[in-house]
**Student:** 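Take a look at this one; I'll ask things after.
In this text, all values refer to a predicted model and were calculated from it rather than measured experimentally. Residue numbers start at 1 and run along the sequence shown.
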Amino acid sequence: MTEPPFLPFAQPDIGEEEIAEVVDSLRSGWITTGPKTRRFEADFADYLGGGLYAVAVNSATAGLHLALEAAGIRSGDEVITTPYTFTATAEVIRYLGADPVFVDIDPGTFNIDADKIEAAITDRTRAIIPVHFAGLPCEMDKILSIARNHDLHVIEDAAHSLPTKYQHKTIGTLESDISVFSFYATKTITTGEGGMVVTWNKEFAERMRVMRLHGISQDVFDRYSSTRPSWYYEVEAPGFKYNMTDISAAIGLHQLNKVDVFHTRRTWIAEQYNKAFSDLPIKLPSLASPDDQHAWHLYVIQLKQEKLSITRDEFISQMAQSGIGTSVHFIPLHLQPYWRDRYGYSPDDFPVSNKVYPTVVSLPIYPKMTDEDVARVINAVKTILTENSR
Ligand SMILES: *Cc1c(COP(=O)(O)O)cnc(C)c1O
């Protein structure tokens, strides 16, 4: 019997529609920000229910930077976030000379522990960045109420959260100041690299539009379609180069059309895993409460170390030997050399993150997986854990 090919941890699902649309862009001559980026922004805002502003960028990292800049975060300010995230969430705070203040996570959801936020607020605190880990929403009512009481901005890192719902509302439409989605290759929809920033606030949207393209008051597409001479532009600020290209937007337009189909498939895979793994020595990921919706960007299991004779790292190598890619989300930021050394952290400063990290494994969960792929993952997990339980 021939071995099936290696099953990667993540893979984008790109169809012929995306390919044809990219070819159309290449032939049209509009390869940078142009009509397709505009359409993608409009479609994205419509998908969220309409009425808000959507600004397309070349990554969620860029979007988070623009969001903090628009919110007026400056050198010396503090921004509260979670250590249990990708470094992008916190690095953008440093771009502006401000400091992240980490608040440990809830051991069940791996989201920021909303009950510990208030104790971390100082007179330098200006904003909170919640991260909806794996696509499970944070306790946004508590976070938004703390922010209101202390006059703080809320910028949601929604990189995992398309489509997440909190109390029947789609993430991106809550009363937070700004939310930022990622279209990185592994995320729930992709444009290769890309992101979308959404806000109800017109001034924030205008500032982010200007700052995403060199601080220029009109983008190239506007300049070419306006009555002013096409060579003329005005620089309002030292902006950035964060605009999305039409080549990326061409992919995004069709990925967005499939977002609900993709989500249904991810949810189905999560359900198969939940059923198959219920008797194993692992803790299954938290489910969304009935009023919420999990995006299932990640499916993260926790090994019950006391019931197993292998470590997490050994489990990962045995999965690889069985032909299955896995990953770890996340290496807590306070353990990373830069963050650890800059702020003098020790592992136990964030005990929950520190305890969870050595036990977690992310399993493949993406729409391109066939039913056979899902069965293979289930068999491998069951076999390895059964052979190594005690
Ligand atoms: C992927 C990710 C980002 C960064 O997204 P990019 O589009 O790659 O810049 C930010 N935050 C979290 C939590 C992520 O997982």
Side-chain angles (χ1 to χ4, degrees), residues 44-45 47-55 60 63-64 66-73 77-85 89-90 92-93 98 100-106 108-182 196-205 207-208 286 288-295 297:
F44 199 89
Y47 177 77
L48 295 180
L52 37 67
Y53 301 91
V55 180
L64 287 164
L66 289 176
L68 290 175
E69 200 278 339
I73 305 304
D77 291 346
E78 289 177 355
V79 177
I80 291 175
T81 192
T82 167
Y84 208 75
T85 184
T89 314
V92 295
I93 301 167
V101 171
F102 295 133
V103 168
D104 210 356
I105 52 170
D106 177 288
T109 62
F110 305 170
N111 279 331
I112 191 166
D113 187 339
D115 295 328
K116 291 187 182 146
I117 290 176
E118 213 134 29
I121 295 174
T122 72
D123 54 10
R124 292 169 57 200
T125 311
R126 297 286 175 269
I128 307 173
I129 308 182
V131 179
H132 309 294
F133 179 85
L136 188 70
C138 293
E139 289 182 287
M140 291 306 296
D141 51 355
K142 285 188 191 170
I143 292 170
L144 289 165
S145 130
I146 293 167
R148 268 194 302 272
N149 293 340
H150 295 268
D151 199 19
L152 306 176
H153 293 292
V154 176
I155 292 162
E156 294 175 57
D157 180 337
H160 298 185
S161 346
L162 189 68
T164 294
K165 286 185 186 168
Y166 177 72
Q167 294 178 356
H168 306 287
K169 292 191 205 115
T170 307
I171 288 299
T173 69
L174 309 189
E175 61 180 273
S176 309
D177 295 87
I178 300 170
S179 301
V180 185
F181 295 89
S182 173
M196 191 71 79
V197 183
V198 303
T199 180
W200 294 107
N201 183 314
K202 188 164 188 242
E203 275 159 40
F204 288 160
R207 177 69 179 177
M208 294 190 293
S286 283
S289 64
D291 295 336
D292 300 345
Q293 175 174 286
H294 201 316
H297 165 54

**Student:** Is there side-chain contact between His297 and Ser161, with heavy atoms separated by less than 4.5 Å?
**Tutor:**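 His297 does not reach Ser161 side chain to side chain.
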**Student:** For a 4.5 angstrom cut-off between non-hydrogen side-chain atoms, does Leu174 reach Glu156?
**Tutor:**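 The answer is yes, as the side chains (C-beta and beyond) meet within the 4.5 Å cut-off.
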**Student:** Heavy-atom count around Asn149 CG within 6.0 Å, excluding the residue itself: above 12?
**Tutor:**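 Yes, CG of Asn149 has more than 12 neighbouring heavy atoms, counting only those of other groups under 6.0 Å.
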**Student:** I'd like to check Arg124 versus Asp77 (side-chain heavy atoms, cut-off strictly below 4.5 Å). Are they in contact?
**Tutor:**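 When only atoms from C-beta onward are counted, Asp77 and Arg124 do not touch, as no gap falls below 4.5 Å.
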**Student:** With side chains defined as the heavy atoms from C-beta onward, is the minimum distance between Thr199 and Ser179 less than 4.5 Å?
**Tutor:**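 Not touching, per the 4.5 Å side-chain cut-off.
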**Student:** With ring centroids as reference points, do Phe204 and Tyr53 lie under 6.0 angstrom apart?
**Tutor:**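 No, too far apart.
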**Student:** Of all the heavy-atom pairs spanning Thr125 and Thr122, show the shortest one and how long it is.
**Tutor:**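 What the structure gives for the nearest pair is OG1-N, 2.7 Å.
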**Student:** Let's go through Tyr166 and Asp141 carefully: what are the C-alpha distance in whole Å and the side-chain angles of both, what is the deciding distance for side chain to side chain donor-acceptor pair (under 3.5 Å) to 0.1 Å, and is it a yes or a no?
**Tutor:** CA-CA 9 Å; Tyr166 177 72; Asp141 51 355; 2.6 Å; yes
**Student:** Would Phe181 and Phe44 satisfy side-chain contact (heavy atoms from CB on, under 4.5 Å), going step by step from the backbone distance to the final call?
**Tutor:** CA-CA 11 Å; Phe181 295 89; Phe44 199 89; 3.7 Å; yes
**Student:** Just how far is it from atom CE of Met140 to atom CG of Asp292, taken to the nearest 0.5 Å?
**Tutor:**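 One finds 11.5 Å between CE of Met140 and CG of Asp292.
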**Student:** Any chance you could lay out the side-chain contact (heavy atoms from CB on, under 4.5 Å) test for Ile129 and Ile80, step after step, and finish with the verdict?
**Tutor:** CA-CA 6 Å; Ile129 308 182; Ile80 291 175; over 6 Å; no
**Student:** How many angstroms lie between atom SG of Cys138 and atom CZ of Phe110, to the nearest 0.5 angstrom?
**Tutor:**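 The SG atom of Cys138 sits 13.5 Å away from the CZ atom of Phe110.
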**Student:** Under the side-chain contact (heavy atoms from CB on, under 4.5 Å) criterion, do Ile178 and Ile155 qualify, and how do the steps go?
**Tutor:** CA-CA 5 Å; Ile178 300 170; Ile155 292 162; 4.3 Å; yes
**Student:** Write down the atom of Asn111, the atom of Leu136, and the distance for their closest heavy-atom approach.
**Tutor:**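 Reported closest heavy-atom pair: ND2-O, 3.0 Å.
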**Student:** Where is the tightest heavy-atom contact between His132 and Ala158, given as atom of each residue plus distance?
**Tutor:**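 Looks like CD2-CA, 4.4 Å.
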**Student:** Of all heavy-atom pairs between Gly135 and Thr164, which one has the smallest distance, and what is that distance?
**Tutor:**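 Where Gly135 meets Thr164 most closely, the heavy atoms are O-OG1, 2.8 Å.
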**Student:** Any side-chain heavy atom of Asp157 sitting closer than 4.5 Å to one from Thr81?
**Tutor:**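 They are not in contact (no side-chain heavy atoms under 4.5 Å apart), so the answer is no.
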**Student:** Over all heavy atoms of both residues, which pair between Leu52 and Gly172 is shortest? Give the atoms and the distance, please.
**Tutor:**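 Smallest interatomic distance, heavy atoms only, reads CD2-O, 3.4 Å.
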**Student:** Say you draw a straight line from CD1 of Ile93 to CG of Leu64; how long is it, rounded to the nearest 0.5 Å?
**Tutor:**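 Reported to 0.5 Å precision, the distance equals 9.0 Å.
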**Student:** Kindly determine whether His150 and Glu118 satisfy side chain to side chain donor-acceptor pair (under 3.5 Å), including the steps that lead there.
**Tutor:** CA-CA 9 Å; His150 295 268; Glu118 213 134 29; 2.6 Å; yes
**Student:** To the nearest 0.5 angstrom, please state how far the NE2 atom of His160 sits from the CD1 atom of Ile171.
**Tutor:**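 So the gap between those two atoms works out to 13.0 Å.
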**Student:** So, do Val131 and Thr89 sit near enough that their side-chain heavy atoms are less than 4.5 Å apart?
**Tutor:**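 A side-chain contact under 4.5 Å exists here.
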**Student:** Going by heavy atoms in the side chains, are Thr85 and Thr82 under 4.5 Å from each other?
**Tutor:**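 Touching, per the 4.5 Å side-chain cut-off.
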**Student:** In a check of side chain to side chain contact (heavy atoms under 4.5 Å, CB included) between Leu152 and each of Val79, Asp177, Ile117, Ile121, which one passes?
**Tutor:**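 Of the listed residues Val79, Asp177, Ile117, Ile121, the side chain to side chain contact (heavy atoms under 4.5 Å, CB included) partner of Leu152 is Ile121.
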**Student:** Is any NZ, NE, NH1 or NH2 atom of the basic residue among Glu69 and Arg207 found under 4.0 Å from an Asp or Glu carboxylate oxygen of the other?
**Tutor:**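 The answer is yes: the pair qualifies as a salt bridge.
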**Student:** With rounding to the nearest 0.5 angstrom, report the NE2 to OG distance, His294 to Ser286.
**Tutor:**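 The NE2 atom of His294 sits 7.5 Å away from the OG atom of Ser286.
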**Student:** Testing the basics here: between Leu144 and Val154, what is the closest heavy-atom pair and its distance to 0.1 Å?
**Tutor:**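 What the structure gives for the nearest pair is CD2-CG2, 4.0 Å.
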**Student:** His153 side chain to Ala71 main-chain N or O, any donor-acceptor pair under 3.5 Å?
**Tutor:**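 Yes; judged by distance alone, with no hydrogens or angles, the pair exists.
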**Student:** Are any of the side-chain heavy atoms of Glu175 and Arg148 separated by less than 4.5 Å?
**Tutor:**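 Yes, close enough: below the 4.5 Å cut-off.
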**Student:** Walk me through it: do Ile112 and Phe102 pass the test side-chain contact (heavy atoms from CB on, under 4.5 Å)?
**Tutor:** CA-CA 9 Å; Ile112 191 166; Phe102 295 133; over 6 Å; no
**Student:** Between atom CG of Asp106 and atom NZ of Lys116, what is the distance when rounded to the nearest 0.5 Å?
**Tutor:**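 Reported to 0.5 Å precision, the distance equals 8.0 Å.
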